[in-house]
Structures are given as C-alpha cells and as structure tokens.
Amino acid sequence: MQDYLVGLNPSQREAVEHLQGPLMIVAGAGSGKTKVLTTRIAHLMHNGVDAFNILALTFTNKAAAEMKERIAHILGNNEARNLYIGTFHSVFARILRAEAPKLGYPASFTIYDSDDAKSVVKGILTEMGLDDKTYKPSMVTSRISSAKNALITAEQYVADAGLQAEDAQLRRPQLGQIYLRYTQKCYKNGAMDFDDLLLKMYELLANFPEVLHKYQHKFQYLLIDEYQDTNPVQYQIAKVLAAVHENICVVGDDAQSIYSFRGATIENILQFQTDYDDVKVVKLEQNYRSTSSILNVANAIIKINKGQIPKNLWTDKAEGETIKVVRTMTDNDEGKFVADTIKEQKLRNHFANKDFAILYRTNSQSRSFEESLRRMGIAYKIYGGLSFYQRKEIKDFVAYLRLIANTRDEEALKRIINYPIRGIGKTTVEKLGVIANEQNITMFDAMQRAGEFGFKGGTSDLLKDFATMVRYFQSMLGQNNAYDVAVQVGKNTGLIKELFADRTQEGVARYENVQELLNSIKEWVESPSNDDGEVGEKTLGAYLQQITLLTDADKDTDDPDVVKLMTIHASKGLEFPVVFVAGLEETIFPSGMSINTREELEEERRLFYVAITRAKEKLWLSHANARYRYGQLVQNEPSRFIDEMPDTFVDKTYAGGASRSNTGFNNMGSAFERMHRGGFGGANTPPPVKRATEKPSYLAAPPTPKVVQHTPTENFIVAHTSDIVAGVKVEHAKFGFGVVQSIEGSSHNPVATIVFEQNGEKKIMLNYAKLSIVQG
DNA sequence: GATTGCGCGATTTTT
DNA sequence: TCGCGCAATC
C-alpha cells in the first residue's frame with residue numbers, strides 16, 4: 001500500500017481510490033475533506049494520470065494554495081505545479097485571457113470588482129436620467145449578478161415577460177435596460193466583472209465547439225470543492241467540461257451551504273446523483289475536530305432542517321466541556337465578558353491568543369470586542385472588512401496600471417484623469433464621455449484626438465499630454481517588466497512625491513501601502529509561477545487580473561498570535577480550539593432579514609451549524625439583553641437557536657432559558673456568579689486589568705425591569721408599520737398593551753417609543769416587532 | 001476644484 | 001451611532 005493511503009479511514013480511502021467515473025463525497029464538518037481531495041489527486045497521479053489533465057476548482061485562493069501545498073508534500077516532487085488548481089474565477093480568467101479575442105475582448109481585459117461595477121451602474125443611471133434611490137446601484141448590481149449567475153443574459157432578461165412584469169410590479173421597469181447597457185459598457189471598456197468570468201467562460205464553451213473540445217480533453221479529471229456553494233453557471237460549466245470523460249468528483253456538505261444570497265443553489269449537490277449514471281457516493285462521517293458535546297449539539301441543530309442528505313456525523317473524541325450560554329446586559333458587556341474569559345482561559349489553560357476566535361453574524365458587531373480586547377491588552381485581528389486592494393491609494397495607483405494595460409478601461413481612466421490634479425475638471429470629463437458615446441470611440445481615443453472635438457486649447461493640451469504619458473508607459477512595457485513600469489508611473493505622475501509629502505499618520509500609512517504594492521509587484525514579477533501554478537506570462541494584464549481576484553483572507557500566511565474576529569461566513573473551513581459565537585439574539589442571529597421564509601431560516605440555521613462546528617474544545621455562545629443598534633439601545637429576545645439546542649451538553653441555566661420562562665432579566669448577576677462558581681471560571685478569575693476597584697460593569701449594569709408575560713389576544717393582527725403612529729394604542733405579543741409615544745429613527749427603520757401598561761417604556765424597532773392596533 | 005456639513009441609510013459577501 | 005454621498009460654499 002502507498003504511504004499516503006495509511007492513516008485514511010475506510011470511507012476516506014474509498015473516496016481516494018475511486019478514480020474513474022462520477023463521485024460525490026459528502027464531507028461533514030471536520031471530516032478530513034481536504035486530506036481526501038489532496039490524497040485523491042496524488043493517487044490519480046500515482047496511477048498514471050498526467051498532472052496536466054487534472055483540474056481542481058475551489059472557492060478561495062487560500063483553499064487552492066493549501067491543496068497545492070499538501071499535494072506537493074505528498075508527492076515529494078515538482079509535478080504538482082503542473083496541476084490546474086485554483087478558484088473558479090482565477091482558472092477561468094486565465095483561460096479567458098488565452099481565448100479573449102474569440103469573444104472580442106483584449107487579452108489584458110480588466111476585471112471589474114464590485115466597486116467598479118457599481119460605478120458603471122451609476123454612470124448609466126446618469127445617462128438614462130434615472131434616480132439612484134429607486135435604482136440603488138447596490139440593488140442593481142446584485143440583481144444583474146443574480147441574473148448572470150442564473151445564466152440569464154441581458155437580452156434574455158429584457159425579453160422575459162415574467163421578469164419584466166416583476167420589475168414593473170416593483171417599480172423598477174428600467175432594470176432590464178440598465179442591465180443591457182451595463183453589458184454593453186463593460187464590453188466597450190474591455191472589462192469583465194466577477195460574474196462574467198463565469199458567464200463568458202460558459203459562453204466560450206457553448207459557442208465554440210473547438211474550444212469546448214480542447215478543454216474537455218485537457219481536463220480529463222475534474223474536482224470541485226464546496227460543491228454545495230456552486231451556482232447555476234458553475235454547475236453548467238462543470239457539466240459540459242465533464243461531459244466526455246465523466247470523471248467528475250464533487251465534495252461538499254449540504255449542511256454548510258450558506259451562500260444562497262450569492263446565487264448558490266443547494267440543489268446542485270442534492271441532485272448530483274441524478275446528473276450522471278452510476279454516481280458513487282461516499283460519506284465522510286467521522287469528525288476529527290470537535291469534542292462530542294460540541295458535535296452532538298451541532299447534529300441536533302442541523303437535524304431541525306428539512307430535506308438534507310442523510311448523514312450521521314460522529315466522533316470518538318471525549319465528551320469534553322459543556323457548551324456555555326451566557327447572557328449579558330448589553331453588547332458592551334458581551335465584549336467585556338469575552339475579553340475577560342479569554343484572559344482567564346489563557347491563564348488557566350495555557351491557551352495562546354491564536355487559539356481563540358470570536359464569530360458574529362454581522363461585521364458591525366466587532367466593535368464591542370475590539371474595544372474590550374484593546375482595553376485588556378489582548379492582541380487581535382479582524383478578518384474581513386476593507387481589503388488591501390480596496391484602499392483608495394491602492395485603487396488609484398492600480399488604476400494607472402489598468403489604463404496602461406487596457407486603454408478601453410473607462411472606470412480606470414475616470415479615476416485618475418485628474419489625480420494628481422492636472423486641471424482636467426468634471427465638465428471636461430463629462431464632455432469626453434459624451435463624445436466617446438457619440439463617436440463610438442473610447443474616452444482614451446477621444447482624449448488623444450482632443451483637438452478635433454472643440455476643447456479649448458489649454459484643455460486640449462492637458463488631455464493630449466495625459467494620453468501621451470499613458471502611451472509612454474505602454475511603450476515601456478516592451479522592454480521593461482511590470483515592476484519597472486509601476487515605479488516609473490509613481491515617479492512620472494508625481495504620485496509618490498505627493499503621497500510622501502503628506503506627513504500625517506494616515507498619509508504615512510498611505511505612502512507605505514503604495515510601497516507595499518510596489519513590493520508585491522516586484523515579488524510577483526520575480527516569482528517563477530502565479531498562484532494557480534501558471535508559469536511565465538508575467539504581463540501587466542496578468543498581474544492586474546490576479547490581484548483583483550485576491551482577497552484579504554488569502555494573504556495571511558503568517559500566523560501571528562492574535563485572537564481572530566470574523567463573521568461566521570468568513571470562518572467557514574477554519575477551526576479553533578476555543579470559539580465564541582456572539583450576538584445570539586432574534587433579529588441578529590437569525591437575522592431579521594432572513595426569517596420570512598423557511599428557506600431563509602434554514603440557511604441561518606446552517607450558518608449556526610457552521611459556527612458551532614468551528615470549535616474544537618470549548619464553545620461559548622453569548623447574547624445581550626440589549627444592544628446599541630443605529631444609536632439606539634434596543635432589546636432583543638434570545639435567539640430561537642438557543643432553545644433549539646438540547647439541554648444535555650449545553651449549560652443554559654443562567655441564560656435565555658431563565659429569562660424566557662419569565663423569571664426576569666435581572667438574574668444576570670447571579671448567573672454570572674454561578675458561571676464563575678461552575679468550575680471553569682472559578683476562583684482564579686483575574687480581576688479586569690486596571691479596573692481592580694471596579695466590579696465588571698456587566699455586573700454593575702442597572703437591572704432591567706421584569707417582563708410581565710403577556711399572551712396575545714385572539715384578534716391579534718399584525719399591523720402595517722406605517723399605521724403605527726404616536727397616540728395609537730397597540731398590543732405587543734410579549735409586552736402586552738401600550739400606547740405609542742413617538743416614532744423616531746429613519747423612515748426605513750422606524751423605532752417607536754411605547755409605554756406599556758405592564759412593562760413600562762420600551763423602544764421597539766417596528767421592522768421587527770409584531771404589533772397589533774387595539775381598536776377603541 | 002476643494003472643503004465642509006447635513007441627511008440618510010444601515011445583512012451575510014469565497015470572487 | 002457611524003460613514004457615505006451630495007450640495008452649498010469659498
């Protein structure tokens with residue numbers, strides 16, 4: 001037996017050794033999925049399959065890099081570099097670069113990120129004279145994105161009666177037209193957005209039989225990771241690519257499908273077995289990650305969902321500690337509690353910072369944890385948020401490079417035409433845009449020929465000078481590499497000088513960021529291969545396409561000793577010894593936006609499942625009685641997910657259970673004490689740093705009044721938000737009868753102050769609360 | 001053409 | 001509350 005087969009359990013081995021024909025690996029959380037995938041690829045190669053004939057697709061660069069590294073390790077030679085392993089987007093971008101002329105795109109086509117896409121939409125709205133409140137760019141781009149993911153082209157969109165009727169109903173009849181123009185504009189700009197990388201790849205395969213044939217025969221073995229997160233385009237591409245050899249291996253876990261809002265369809269994995277004949281199904285059900293307590297709770301949660309691939313995830317690990325549910329007074333207290341507990345766990349159990357993760361539903365929840373961790377002097381890092389390449393100074397610099405690589409890129413041009421200031425104002429840019437449209441030329445061409453279009457002499461010269469400079473950089477590309485050109489750009493435009501001149505703290509940071517960008521270009525130019533193993537081809541276009549597809553998560557190769565803060569979405573695929581899942585409150589988790597249909601709620605529950613299964617040893621779940629949302633202190637009920645957890649393995653005694661069964665919110669103090677008596681917090685709890693004389697404020701917080709439980713009356717009808725106005729008598733499902741005092745907050749998110757007969761004054765967010773108007 | 005100030009809106013986001 | 005985008009201003 002091969003060395004690499006030793007140490008696989010029977011199912012893992014079955015999956016690895018199944019070489020020919022369709023294979024579906026249902027891989028539960030922590031069941032050794034990556035190990036199986038990488039070993040299987042090594043095994044394929046060991047059995048004579050050429051690395052050049054294997055394609056493995058992932059969703060993140062990080063996952064791809066990890067696979068590649070592990071395969072190289074198993075093989076112990078350089079063969080792995082010939083494998084095609086990468087994200088859907090990066091692999092397709094590479095293929096599209098090679099085939100671009102067939103589609104009328106330049107090989108150095110620009111990839112538009114979501115900011116670029118929004119900016120294009122804004123331009124179209126202005127052109128069409130549409131209002132950006134009705135057609136919010138974020139809504140429009142996400143709608144266009146959904147259409148593309150569902151393989152609906154702009155032409156099909158405008159021709160589809162159903163979609164047109166729907167848009168008319170929703171008072172956005174022009175959406176199809178915007179989509180159409182957006183598509184045209186991207187084409188004219190020589191640009192593809194993220195979704196186009198998939199859609200154009202599909203069109204390439206669908207419309208060019210010789211191309212299809214070429215890749216069908218090149219990629220004889222296809223592996224797809226996280227299959228439950230694929231969308232219809234990805235599904236179709238995989239299907240046509242695999243059509244000849246049918247050596248397709250998909251790996252996924254329907255229980256961890258959490259990206260439906262990005263177009264993922266869980267049906268892809270649920271129906272894989274009907275897509276091919278003789279599908280071999282292997283289930284990886286042994287979990288190597290978590291204690292049995294954690295796993296049992298996770299299993300109990302996911303069982304509540306309907307329609308899953310049946311599986312029984314088990315572990316031979318010890319029971320471990322119970323899962324603790326903690327209730328705090330406010331979100332700030334929640335932060336303090338977590339920071340305190342981390343400090344204490346480090347002392348008691350010798351954990352390092354990097355053993356902890358704090359997971360939350362929304363990025364905005366990170367604030368209270370940041371504050372408390374900082375106060376405690378605990379190093380932390382927030383994952384997600386603005387990525388390096390989204391910073392303004394980086395985008396500006398990169399825009400020069402984009403324009404040099406592709407002068408059709410109008411978004412890049414508009415970004416830098418007057419940066420640094422060179423006297424080309426808004427009016428001039430608008431005029432250029434109009435001319436470009438009328439003459440059907442690019443804005444760049446219009447600039448070069450400024451003299452012909454009636455610009456004033458001075459303006460005309462400015463435009464031509466700018467174009468000449470860009471042309472000069474382009475000419476440099478012949479003899480110089482991307483790095484040399486970038487350095488020249490920094491010098492000639494005066495960008496570097498200008499950034500250097502700003503000696504404020506932020507200014508220095510911006511300068512350093514640009515230096516870092518230059519370094520990374522240098523590094524890229526000098527490294528033998530790209531991330532997906534691509535050798536050679538160190539063109540500027542290739543560089544730019546690559547960085548656009550890079551995210552923050554990809555470059556944290558170093559493993560500093562910090563507590564990690566991230567959304568649950570971002571935590572998928574990761575594991576930590578100690579996990580805190582915060583904000584387990586109704587309207588937060590599950591999100592108030594996702595409780596209207598069973599499907600939405602089930603996805604929230606899968607998200608909760610993902611959160612729980614990140615933990616190896618210890619797991620805390622916390623929720624706050626009240627938290628600041630949009631500047632207002634708002635009360636939230638404990639999440640329904642707390643109730644859904646079985647009492648065995650979960651210690652909820654001091655938490656939601658009590659308050660929900662109506663013993664009141666003010667048992668928090670004793671709860672906290674009990675928690676610290678309970679053997680894991682204990683006597684050794686260190687006093688909070690620098691605040692030894694103070695009690696932890698989550699104990700000192702003022703008690704909240706008891707809720708007098710109210711049973712809704714029979715004629716309880718949920719009223720429309722707009723009917724709730726000051727003076728109206730209302731009934732709340734939980735707080736009983738009361739009178740509306742006033743309405744505050746934005747029109748989109750009104751907050752009512754209501755004085756209840758039994759429970760006093762409360763602030764209620766009308767979008768979430770169920771209120772009935774009391775007649776008479 | 002840059003600065004300042006008001007008003008409005010506010011999930012999750014592998015690429 | 002916080003951050004953004006636009007409009008008014010110099």
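Small disclaimer: the values here were computed from a predicted structure and weren't measured. Here is how names work: the chains are called A, B, and so on, in the same order as the sequence lines, proteins then strands, and each is numbered from 1.
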Q) At under 4.0 Å between heavy atoms, what does Leu57(A) touch on the DNA or RNA strands: base, sugar-phosphate, or nothing? A) nothing
Q: Measure the shortest side-chain to side-chain distance between Met447(A) and Leu413(A) over non-hydrogen atoms and say whether it is less than 4.5 angstrom.
A: yes
Q: Ignoring hydrogens and angles, state whether a donor on the side chain of Thr567(A) or Asn363(A) is under 3.5 Å from an acceptor on the partner side chain.
A: no
Q) Nearest to the side chain of Lys136(A) - dG9(B), dT13(B), dT14(B)? A) dG9(B)
Q.
For the residue pair Arg97(A) / Gln545(A), report whether a side-chain donor-acceptor contact shorter than 3.5 Å exists.
A. yes
**Q.** DNA chain B base-pair string [pairs: Watson-Crick or G-U under 3.5 Å; |: paired with another strand]
**A.** ||||||||||.....
Q. Is the base of dT11(B) syn or anti, if syn means a glycosidic angle within 90° of 0?
A. syn
**Q.** Value in whole Å for how far the P atom of dT14(B) lies from CD of Glu226(A)
**A.** 13 Å
Q: Round to the nearest Å and state the distance from Ile258(A) atom CD1 to dT11(B) atom C1'.
A: 13 Å
Q) Glu604(A) has a side chain; which of dT11(B), dT14(B), dT15(B) sits nearest to it? A) dT11(B)
Q) To the nearest Å, how far apart are Glu603(A) CD and dT13(B) C1'? A) 12 Å
Q) Does Phe261(A) have any ring pair (Phe, Tyr, Trp, His ring centres under 6.0 Å) partners at least two apart in sequence or in another chain, and if so, which? A) Tyr259(A), His569(A)
(Q) Once you apply a heavy-atom cut-off of 4.0 Å, does Lys426(A) come out as touching a base, just sugar-phosphate, or nothing? (A) sugar-phosphate
**Q.** Selected nucleotide, minimal atom distance to Arg262(A) side chain, candidates dT13(B), dT12(B), dA10(B)
**A.** dT13(B)
Q: Just call it for Phe261(A): base, sugar-phosphate, or nothing, with non-hydrogen atoms closer than 4.0 Å on any strand.
A: base
Q | Whole-Å distance separating the CD1 atom of Ile547(A) from the P atom of dT15(B) | A | 14 Å
(Q) Distance check needed: dG9(B) P versus Met593(A) CE, whole Å only. (A) 14 Å
**Q.** Contacts of Tyr543(A) that satisfy ring pair (Phe, Tyr, Trp, His ring centres under 6.0 Å) - sequence neighbours left out
**A.** Trp524(A)
Q) Counting any heavy atom closer than 4.0 Å, what does Asp229(A) reach on the DNA or RNA strands: base, sugar-phosphate only, or nothing? A) base
Q.
If I take atom CD in residue Gln228(A) and atom P in nucleotide dT14(B), what distance separates them, rounded to the nearest angstrom?
A. 16 Å
Q: List in chain and number order the residues that pass ring pair (Phe, Tyr, Trp, His ring centres under 6.0 Å) with Tyr112(A), two or more places apart in sequence or in another chain; answer none if no residue qualifies.
A: none
Q: Measure from the side-chain heavy atoms of Thr87(A) and tell me the nearest of dT15(B), dG9(B), dT13(B).
A: dT15(B)
Q: At the 4.0 Å heavy-atom cut-off to chain A, mark where contacts on DNA chain C begin and end, going 5' to 3'.
A: dT1(C) to dC6(C)
(Q) Quick check on dT11(B): is either OP1 or OP2 less than 4.0 Å from any side-chain nitrogen or oxygen of Ser364(A)? (A) no
Q: Compute whether any side-chain donor of one residue and acceptor of the other, for Gln228(A) and Glu226(A), lie under 3.5 angstrom apart.
A: yes
Q.
Assuming nearest nucleotide by heavy-atom distance, tell me which of Phe194(A) and Ile424(A) is located more 5' along DNA chain B.
A. Ile424(A)
Q.
Categorize Ile421(A) for me: base, sugar-phosphate, or nothing, with a 4.0 angstrom heavy-atom threshold over every strand shown.
A. sugar-phosphate
(Q) Students often get this wrong, so: under 4.0 angstrom with heavy atoms, is Tyr259(A) touching a base, only sugar-phosphate, or nothing? (A) base
**Q.** Set of side chain to side chain contact (heavy atoms under 4.5 Å, CB included) partners for Ser366(A), sequence neighbours left out
**A.** Tyr360(A), Glu370(A), Ile382(A), Leu565(A)
Q) Could you state the CE-P distance from Met139(A) to dT12(B), rounded to the nearest angstrom? A) 18 Å
**Q.** side chain to side chain contact (heavy atoms under 4.5 Å, CB included) partners of Lys414(A), counting only residues at least two apart
**A.** Glu410(A), Glu411(A), Val429(A), Met443(A)
Q. Rounding to a whole Å, what distance do you find between Asp115(A):CG and dT13(B):C1'?
A. 12 Å
Q.
Is there a side-chain contact between Asn363(A) and the phosphate of dT11(B), meaning an N or O under 4.0 Å from OP1 or OP2?
A. no
Q | Those residues that, when tested against Tyr235(A), pass ring pair (Phe, Tyr, Trp, His ring centres under 6.0 Å) (two or more places apart) | A | none
Q) Would you say the side chain of Arg361(A) and the base of dT12(B) hold a donor-acceptor pair, judged only by whether the two atoms sit under 3.5 Å apart? A) yes
Q | Nearest-nucleotide comparison on DNA chain B, the residue closer to the 5′ end among Leu197(A) and Lys133(A) | A | Lys133(A)
Q: Determine which pairs satisfy ring-ring contact (aromatic ring centres under 6.0 Å, His included) with at least one residue from residues 586-610 of chain A, sequence neighbours left out, and list them in order.
A: Phe589(A)-Phe608(A), Phe589(A)-Phe641(A), Phe608(A)-Phe641(A)
